[in-house]
Structures are given as C-alpha cells and as structure tokens.
Amino acid sequence: MDFKAGTLTDRVNVAPGELKLRLDVNASNELKILRQTQQDMTISVSEAQVSKELSQDLALLLESIARSESCRIYTFPSTKELHLFQAALTGFTVLFDGLASSFNISRRRMVVPLYKKWDAATTRLQIVQKEKVIQLVAFFENFSHGDCMNFALKSTDLFESSHKSGKFSLRIVDAKFAMPKAKSEARGIEHQFACLDMPEYPGEHDDITIVFDTEAGKLLLKPPKIRS
C-alpha cells in the first residue's frame with residue numbers, strides 16, 4: 001500500500017488453519033482478517049515528510065503485531081471488489097453472499113425424540129467454493145450461542161426449499177456441522193472468525209433452516225451443484 005509519505009507491505013505468510021476471516025452483518029463491503037503474530041510487515045516513510053512522533057508510533061505498531069494477534073479491517077467500494085480480494089486471499093470463490101432474516105439450528109435432545117431450536121436473527125451468509133469443496137459460512141450478530149460457523153456441503157445432503165408468504169427458505173436436512181464456538185471456548189477474539197481451509201470437525205447431525213425476507217433467497221432455492 002502506497003501513501004503520501006511512504007509505503008506499507010503486509011505479507012500474508014500463513015500456515016494451514018491460521019488465516020481466519022469475518023464478514024460484518026451491517027457493513028456489506030467490510031472484511032476482517034485475524035492475523036497471528038507477525039514479524040514480516042515493513043513500513044517505509046520519508047523522514048522529511050512525517051513527524052518524529054509518527055515514526056515512533058509506526059515502530060510501536062511493528063512491535064505490537066510481533067507480540068500478539070491483530071485484526072485487519074478492509075473496506076471496499078462494493079461487494080464485488082470484496083469478493084475478488086477474498087478469493088485471492090483464501091482461494092475460495094464466493095458463489096452467494098446475502099443476509100438471511102433467520103438461521104435456525106434444530107438440536108435433538110438426548111434420549112427423548114424432542115428438538116430444541118437455536119434461532120439466530122439477521123445472519124450474513126456466504127456459499128464459497130474451492131475446487132470440489134463447497135462450504136456454507138454464517139456470521140451472526142448478538143447470537144448467544146456463538147459468532148460464526150462454517151461447514152462443507154456434500155453431494156449426499158438433502159435440501160428442501162419453499163416459498164410462502166413472501167419468505168424464501170432453505171432447509172438442509174440432517175446437516176453435518178460443528179456448533180458455533182462460544183466465547184468461553186476460544187482465546188481473545190478468535191471465536192468471531194471462521195477458518196475456511198480447516199473448518200471444525202462436523203460432530204453435529206441436525207437440521208438447519210435458513211429464511212430470507214427478500215427475493216435474494218431465490219438464489220438458494222436451487223443450491224449449487226455439488227460434485228462428489
């Protein structure tokens with residue numbers, strides 16, 4: 001990145017499982033990236049154009065990201081540019097990106113054949129693909145059970161769609177997924193971010209129902225063709 005008084009180079013040298021992202025529910029053109037401790041960022045400035053205090057602040061910044069994890073926030077002119085940057089960074093192409101009015105997880109109770117529903121309100125939803133791997137990625141806001149989740153969609157999954165009273169819904173029958181990670185289960189802000197290349201083990205087998213209030217949901221009434 002070039003700016004008036006110098007340049008900043010942020011290198012993305014990450015091992016599998018290290019790169020994690022989050023999409024904002026309200027700001028459609030904003031992408032957050034969680035970075036582990038980093039020692040390969042470089043900043044060059046012209047001493048004649050910046051104050052001594054700024055140079056010291058930049059040195060402190062480099063020391064800070066070398067000691068602890070950090071969050072980078074990128075804002076784009078449109079979601080199209082966001083998707084291009086996301087694909088270049090993660091290797092996953094965005095097939096769908098939209099807001100669901102409801103994201104419902106049906107949980108079977110132990111022993112008795114009863115269900116308990118976990119219902120998240122407005123949810124940022126993406127369908128992404130890398131080669132033969134297709135994933136559903138969901139980002140929640142003010143959901144007591146977690147902040148995000150992602151899991152692979154399989155060719156054997158059963159999808160049921162419906163359109164009633166102006167609402168569009170998609171039900172994934174007996175989906176295989178990992179529950180959203182609670183804040184108490186993660187360090188720092190890691191629970192807010194999803195890892196695409198190494199998602200959590202899908203230990204849950206329950207139904208997931210996604211509801212849209214707008215016609216954008218029509219794009220999911222015919223889920224992407226999933227290859228075996």
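Predicted model only: the values in this text are computed from it and were never measured.
Judged purely by atom type and a 3.5 angstrom limit, Gln135 uses its side chain to pair as donor or acceptor with the backbone of Leu196. A donor-acceptor pair is defined here as one N or O able to donate and one able to accept, closer than 3.5 Å; no such pair exists between the side chain of Ser106 and the backbone of Asp206. Judged by distance alone, the side chain of Lys181 and the main-chain N or O of Met179 form no donor-acceptor pair under 3.5 Å. In this structure, the side chain of Asp147 does not engage the main chain of Phe140 through any donor-acceptor pair within 3.5 Å. Proximity of a side-chain donor or acceptor of Asn150 to a complementary backbone N or O of Cys195 within less than 3.5 Å is detected. Under the 3.5 Å distance criterion, the side-chain polar atoms of Asn29 are matched with a main-chain donor or acceptor of Thr79. Under the 3.5 Å distance criterion, the side-chain polar atoms of Thr123 are matched with a main-chain donor or acceptor of Ala121. Looking at Gln39, its side chain never comes within 3.5 Å of a backbone N or O of Met41 through a donor-acceptor pair.
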Kindly determine whether Val137 and Cys148 satisfy side chain to side chain contact (heavy atoms under 4.5 Å, CB included), including the steps that lead there.
-> CA-CA 8 Å; Val137 193; Cys148 65; over 6 Å; no
Run the numbers on Leu34 and Ile189 for side chain to side chain contact (heavy atoms under 4.5 Å, CB included), then give the verdict.
-> CA-CA 9 Å; Leu34 182 67; Ile189 59 173; 4.0 Å; yes
Test log, rule side chain to side chain contact (heavy atoms under 4.5 Å, CB included), inputs Val50 and Leu58 | CA-CA 11 Å; Val50 302; Leu58 293 176; over 6 Å; no
Chi angles and distances behind the side chain to side chain contact (heavy atoms under 4.5 Å, CB included) call for Ile43, Leu61 = CA-CA 10 Å; Ile43 304 175; Leu61 169 64; 4.0 Å; yes
Output, in order, the C-alpha distance, side-chain angles, deciding distance and verdict of side-chain hydrogen bond (donor to acceptor under 3.5 Å, both in side chains) for Ser70 and Arg72.
-> CA-CA 7 Å; Ser70 56; Arg72 314 291 159 82; 3.0 Å; yes
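Shown here for Phe139 and Val25, the closest heavy-atom pair between the two residues is O-CG2, 3.6 Å. Smallest separation of non-hydrogen atoms from Thr93 and Ala87: CA-CB, 4.3 Å. Closest heavy-atom contact between Asp197 and Pro16: OD2-CA, 3.4 Å. Here the closest non-hydrogen pair linking Ile127 and Leu153 is CD1-CD1, 4.2 Å. Of all the heavy atoms in Lys130 and Gly91, the pair that sits closest is CG-O, 3.4 Å. Scanning both residues, Leu170 and Ser161, for their nearest heavy atoms gives CD1-CB, 4.3 Å.
Note on Phe85: it clusters hydrophobically with Phe92, by side-chain heavy-atom contacts below 4.5 Å among ILVMFWY residues. Under the 4.5 Å side-chain heavy-atom criterion for ILVMFWY residues, no single connected hydrophobic cluster contains both Leu95 and Val133. At a threshold of 4.5 Å between side-chain heavy atoms, the hydrophobic network of Ile, Leu, Val, Met, Phe, Trp and Tyr places Val12 and Leu82 in one connected group. A single hydrophobic cluster is not seen to contain both Ile65 and Ile33; linkage of ILVMFWY side chains at heavy-atom distances under 4.5 Å, directly or through other members, places them apart. One hydrophobic cluster holds both Phe96 and Ile172 under the rule that ILVMFWY side chains link at heavy-atom gaps under 4.5 Å.
Distance check, rounded to the nearest 0.5 Å: CE of Met1 to OG1 of Thr7 gives 9.0 Å. Atom-to-atom distance recorded for Ser169:OG and Asp213:CG is 11.0 Å, nearest 0.5 angstrom. Between atom CD1 of residue Ile105 and atom CG of residue Asp207 there is a gap of 11.0 Å, rounded to the nearest 0.5 Å. Annotation: the span from Arg35 atom CZ to Leu19 atom CG amounts to 7.0 Å, rounded to 0.5 Å. Ile208 CD1 to Ile210 CD1: the interatomic distance, rounded to the nearest 0.5 Å, is 7.0 Å. Rounded to the nearest 0.5 Å, atoms CZ (Arg22) and CD1 (Ile73) are 11.0 Å apart.
Ion pairing between Lys4 and Asp2 fails under the 4.0 Å rule for side-chain N and carboxylate O. Salt bridge Asp97/Arg124: present, at least one basic N to carboxylate O contact under 4.0 Å.
Side-chain contact check for Leu21 versus Tyr74: every heavy-atom pair is 4.5 Å or farther apart. In this structure, the side chains of Gln36 and Val14 stay at 4.5 Å or more apart for every pair of heavy atoms. Between Glu30 and Leu23, every side-chain heavy-atom pair lies at or beyond the 4.5 Å cut-off. Contact check for Gln86 versus Gln126: side-chain heavy atoms found under the 4.5 Å cut-off. Residues Thr90 and Val128 form no side-chain contact, since every pair of their non-hydrogen atoms from C-beta on lies 4.5 Å or further apart. Side-chain contact check for Leu125 versus Phe212: some heavy-atom pair is nearer than 4.5 Å. In this structure, Gln38 and Asn13 have side chains that are not in contact, with every pair of non-hydrogen atoms separated by 4.5 Å or more. Inter-residue side-chain proximity for Met149 and Phe103 is flagged as met; some heavy-atom pair is nearer than 4.5 Å.
Classification of the Trp118-Phe143 ring pair by plane angle, with boundaries at 30° and 60°, yields perpendicular.
Annotation: Glu81, atom CD; neighbour count of heavy atoms from other residues, nucleotides and ligands within 6.0 Å is above 12. With a 6.0 Å radius and a threshold of 12 heavy atoms from other residues, nucleotides or ligands, Glu160 has its CD atom above the threshold. Under a cut-off of 6.0 angstrom, the local environment of CZ in Phe3 is crowded, with over 12 non-hydrogen atoms contributed by other residues, nucleotides or ligands.
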